[in-house]
Amino acid sequence: MPKPLVIVESPAKAKTIEKLLGRRYTVKASLGHVRDLPRSRLGVDVAQGFVPKYITIRGKGPVLKELRESAKKADGVLLATDPDREGEAISWHLAQLLQLGEETPCRVEFNEITKDVVKEAMGRPRPIDRDLVHSQQARRVLDRLVGYSLSPLLWRKLRPGLSAGRVQSAALRLICDREREIRDFLPEEYWTLSAQLRTDQGEELEARHHGGRLEHEDAVRSAMGELAGQAFVVHAVYRRERRRLPQRAFSTSTLQQESWRKLGFTARRTMRVAQQLYEGLELEGEGAVGLITYVRTDSTRVSEQAAGECRTYLLRRFGAAFLGESRPQPGEGRAGAHEAIRPTSVLREPEKVKTSLTGEQYRLYRLVWERMVASEMAAAVYDTVAVELSAGCHQFRAAGSTLKAPGFTVLYSEGRDDEDNECEERLPGMEAGDRLALVKLIPRQHHTQPPPRYTEATLVKVLEEKGIGRPSTYAPIIDTIEQRDYVRRDDRRLRPTELGLLVIELLRQYFPDIINIEFTAGLESRLDLVEAGQAGWQGVVAGFYAPFARSLEEAEAGIGGLELGDEETGEQCPECHRHLVIKRGRYGKFVACPGFPACRYTRPLLQEIGVDCSQCGQPWVERRSKKGRAFYGCSGYPACDAVSWNRPVARVCPVCSAQLVEKESRRQGLRHVCSRRECGFQEAPATGEES
């Protein structure tokens, strides 16, 4: 008897859905997109209204053949790709190739892969949403027009292999602008003066000089002289209660930010593991089930059913005192997302499913679970105190707080970027009129600091705030600018290379709209209008392309041959004392003397990975084999011959004291294993450990 055919993107998702639906359905995977623009040419007919020319992706022929054969035998076809623009586009291409009618109700979508939700979705198919498809198609065409026009220009003018994308260029500009701020920053000296004071009860506190900036040491010395022998009197005490509400459940960007802060995961690693949790895993005693809801969303809305289950769980586990007040739900996300990222059931506590997950899956699931549960908990309540003191004509101020009711903080505290750090101490009891004894005056010299370079977390945060890209693009943006050598990591922060700075300057001169933050965000908003059916996709593309084409002609004529200089290392050549530079060769970068051929000094470019060798204590560095493959070796070579194909971690084996290294497999995920194969020790990374 024929059965309905359900098509999803990935084999893992197909496996989970097949187990949830049972034998009444046949489930197949398309392995992602099946059609796209050709790689070898533009693939967009600009003269005929930007019509894209799609072709079958190389290697997808056998997949399509199998899907066509299955569709012929099936009792109908249901397309269950991801619930976003990209998923809608995949379904549209499949519908075209399988010759499903334009108005055929063949599209089903679900925000979570659980038995009840999936079965319900199968009973209410709808036609393909052409507005969603048009929005995705417009984005794809725009990116192709920019990439296939600018990239060849950069190849000819700068260096082969370069690229410039519509969204990645705006992100690179942010990083380069921040670097320019840092380079142009002139530190200014300033001083602070604190008084260490003691109450009649013998308790001490520190109060800071308040009411006038002390710009130099002479001003501080003068103030200290005026304070000699003065009494410190409390003239005002301000007490209030401060409530700190829990953060809402994760969106894609906040998950990436928090995962970076708390787990040390890159955006790409976060999305890879989150996708595994969404698509479904085999749980002991429960079978295959999706553990979290869909992972590409800019919404923080939670369904009434999920919120109700969470609140019932909280009452049972923590009691009514920890249950928060119901808050109005935010509206739908711009990208048509249904919900925030949350557990499909809070009853699946992290510890209950830990044995069925890899180490990184467990760590990320626990983060999502704790954030969701905490979002329905009571606010944390603090008693805050601010004290103003006078000593002669000088004013001092001290502030502190104590936790009155922990609320959600018993379960979860949000990570913070270093520029957001805050710390307050508890103050002793004081009343107006109290006199405090001076223990000592503490002058401190400071210098203003430049803004910090972006981390992945802070870059994702600003990309979202400024409307650059969408949830699915943040990880690819960072990967692309890194792979193109426009950006490198310096102490886990993103620092532009000289190449990246030069590319941005070129784009700034000839293609200002491409790197204009407001223009890029405005274009994203127009794509959202296409999705909402309020604008035509070809009109949006045409409005962008006309001025872009003019800029392209001017750039072709105006940009001369540019020579990209070599980046200096800051070291001197040991043979001729010239400043060494970084060059690029067949097997990657290396350090060389610029005096070649008179001086032939070269050495490998050693990039430390932040881990010391367990044999000799020298730093491990990343190297390249003759075939270009990355491996890791001790910087103490040849005195120390430690070497590994796998990335070392900052721990030694508890069995034999050899170096532990990272090893990842599809079945077990990321593991830390002993570098001595004969030892055999392995373990999951510890929770909260950076990898």
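The model shown is predicted, which means the values in this text are computed figures rather than measured ones. Computed over heavy atoms, backbone and side chain alike; hydrogens, waters and symmetry mates excluded.
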Under a 4.0 Å N-O cut-off, is there an ion pair linking [X] with [Y]?
| X | Y | result |
| --- | --- | --- |
| K461 | E464 | no |
| R647 | E662 | no |
| E88 | R85 | no |
| R296 | D84 | no |
| E109 | R126 | yes |

Test your reading of the model: is there a side-chain donor-acceptor pair from [X] to the backbone of [Y], 3.5 Å cut-off?
| X | Y | answer |
| --- | --- | --- |
| T520 | I468 | no |
| T293 | A340 | yes |
| T344 | G290 | yes |
| Q361 | L277 | no |
| T458 | Y454 | no |
| S356 | E284 | yes |
| T409 | P406 | yes |
| S169 | G165 | yes |
| S345 | L347 | yes |
| R371 | E414 | no |

[X] and [Y]: which non-hydrogen atoms are nearest, and at how many Å?
| X | Y | result |
| --- | --- | --- |
| K466 | I517 | CD-CG2, 3.6 Å |
| A274 | L364 | N-CD2, 3.5 Å |
| R41 | Y148 | O-CE2, 3.4 Å |
| R244 | F408 | O-CE2, 3.1 Å |
| E456 | A267 | OE1-N, 2.6 Å |
| Q168 | I477 | CA-CG2, 4.3 Å |

Q: Examine R526 relative to W537 and say whether NZ or CZ is less than 6.0 Å from the centre of the six-membered ring and inside a 45° cone about the ring axis.
A: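 Pair R526/W537 does not count as cation-pi.
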Q. Is the NZ or CZ atom of K352 positioned over Y362's six-membered ring, under 6.0 angstrom from the centre and within 45° of the axis?
A.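 Negative - K352 is either too far from the ring of Y362 or too far off its axis.
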Q) Does the pair T252 and R470 meet the rule for a side-chain contact (heavy atoms from CB on, under 4.5 Å), with working shown? A) CA-CA 9 Å; T252 299; R470 287 298 180 258; over 6 Å; no
**Q.** With sequence neighbours excluded, residues passing ring pair (Phe, Tyr, Trp, His ring centres under 6.0 Å) with Y278
**A.**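 Applying ring pair (Phe, Tyr, Trp, His ring centres under 6.0 Å) to Y278 gives Y294.
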Q: Quick one: do K15 and E279 satisfy salt bridge (Lys or Arg N to Asp or Glu O under 4.0 Å)? Show the steps, please.
A: CA-CA 9 Å; K15 180 181 175 183; E279 290 184 344; over 6 Å; no
Does a side-chain heavy-atom distance below 4.5 Å link [X] with [Y]?
| X | Y | result |
| --- | --- | --- |
| D75 | K3 | no |
| L94 | S30 | yes |
| K13 | D82 | yes |
| I55 | R35 | no |
| T455 | W260 | yes |
| V368 | P343 | yes |
| V673 | F681 | no |

From [X] atom [atom1] to [Y] atom [atom2], the distance as rounded to the nearest 0.5 Å:
| X | Y | atom1 | atom2 | value |
| --- | --- | --- | --- | --- |
| Q538 | Y545 | CD | OH | 15.0 Å |
| W92 | E102 | CH2 | CD | 8.5 Å |
| E531 | D528 | CD | CG | 6.0 Å |
| L494 | L174 | CG | CG | 11.0 Å |
| I17 | M122 | CD1 | CE | 5.5 Å |
| E86 | L132 | CD | CG | 11.0 Å |

Q: Please step through salt bridge (Lys or Arg N to Asp or Glu O under 4.0 Å) for the pair R272 and E360, ending with a clear verdict.
A: CA-CA 10 Å; R272 172 176 57 80; E360 60 182 359; 3.1 Å; yes
**Q.** Qualifying residues under side chain to side chain contact (heavy atoms under 4.5 Å, CB included), relative to S91, sequence neighbours excluded
**A.**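 S91: side chain to side chain contact (heavy atoms under 4.5 Å, CB included) contacts with L79, T81, R107, I128.
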Q | Partners meeting side chain to side chain contact (heavy atoms under 4.5 Å, CB included) with R140 (sequence neighbours left out) | A |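 Testing R140 for side chain to side chain contact (heavy atoms under 4.5 Å, CB included), a comparison that skips the adjacent residues, returns D36, L37, Q136, R144.
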Q | Aromatic plane relationship, F544 with F519 - under 30° parallel, 30 to 60° tilted, over 60° perpendicular | A |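 F519 vs F544 ring planes: tilted.
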For residues 63-71, dump all side-chain donor-acceptor pairs below 3.5 Å to protein atoms at least two apart in sequence or in another chain.
| residue | atom | partner | partner atom | Å |
| --- | --- | --- | --- | --- |
| E66 | OE2 | K28 | NZ | 3.0 |
| R68 | NE | L97 | O | 3.4 |
| S70 | OG | E66 | O | 3.0 |

Q) Stepwise, does the side-chain contact (heavy atoms from CB on, under 4.5 Å) test hold for L357 with L291? A) CA-CA 11 Å; L357 309 182; L291 287 174; 3.7 Å; yes
Q. Do Y365 and E349 pass the side chain to side chain donor-acceptor pair (under 3.5 Å) test, and can you show the C-alpha distance, the side-chain angles, and the key distance before you say yes or no?
A. CA-CA 9 Å; Y365 177 67; E349 296 171 312; over 6 Å; no
Q. Counting only heavy atoms not in R130, do more than 12 sit closer than 6.0 Å to its CZ atom?
A.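 Correct, the count exceeds 12.
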(Q) Heavy-atom count check: over 12 atoms from other residues, nucleotides or ligands less than 6.0 Å from E304 CD? (A)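 No.
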Q: Please report the C-alpha distance between E339 and S299 in whole Å, then the side-chain angles of each, then the deciding distance to 0.1 Å, and finally whether the side-chain contact (heavy atoms from CB on, under 4.5 Å) criterion is met.
A: CA-CA 6 Å; E339 269 197 83; S299 174; 5.7 Å; no
Q: Assess whether side chain to side chain donor-acceptor pair (under 3.5 Å) is satisfied between T114 and E112, documenting all intermediate values.
A: CA-CA 6 Å; T114 54; E112 59 184 81; 3.1 Å; yes
Q. Checking side-chain contact (heavy atoms from CB on, under 4.5 Å) for the pair T266/R489: CA distance, chi angles, key distance, verdict?
A. CA-CA 12 Å; T266 62; R489 292 177 190 268; 4.3 Å; yes
Q: May I ask you to check whether F250 and W369 place their ring centres under 6.0 Å from each other?
A: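 Ring centres of F250 and W369 not closer than 6.0 Å.
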Q: Please list, chain by chain and in numerical order, all residues satisfying salt bridge (Lys or Arg N to Asp or Glu O under 4.0 Å) with K19, sequence neighbours excluded.
A: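 Only E282 meet the salt bridge (Lys or Arg N to Asp or Glu O under 4.0 Å) criterion with K19.
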**Q.** With sequence neighbours excluded, residues passing salt bridge (Lys or Arg N to Asp or Glu O under 4.0 Å) with R327
**A.**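 Here no residue qualifies.
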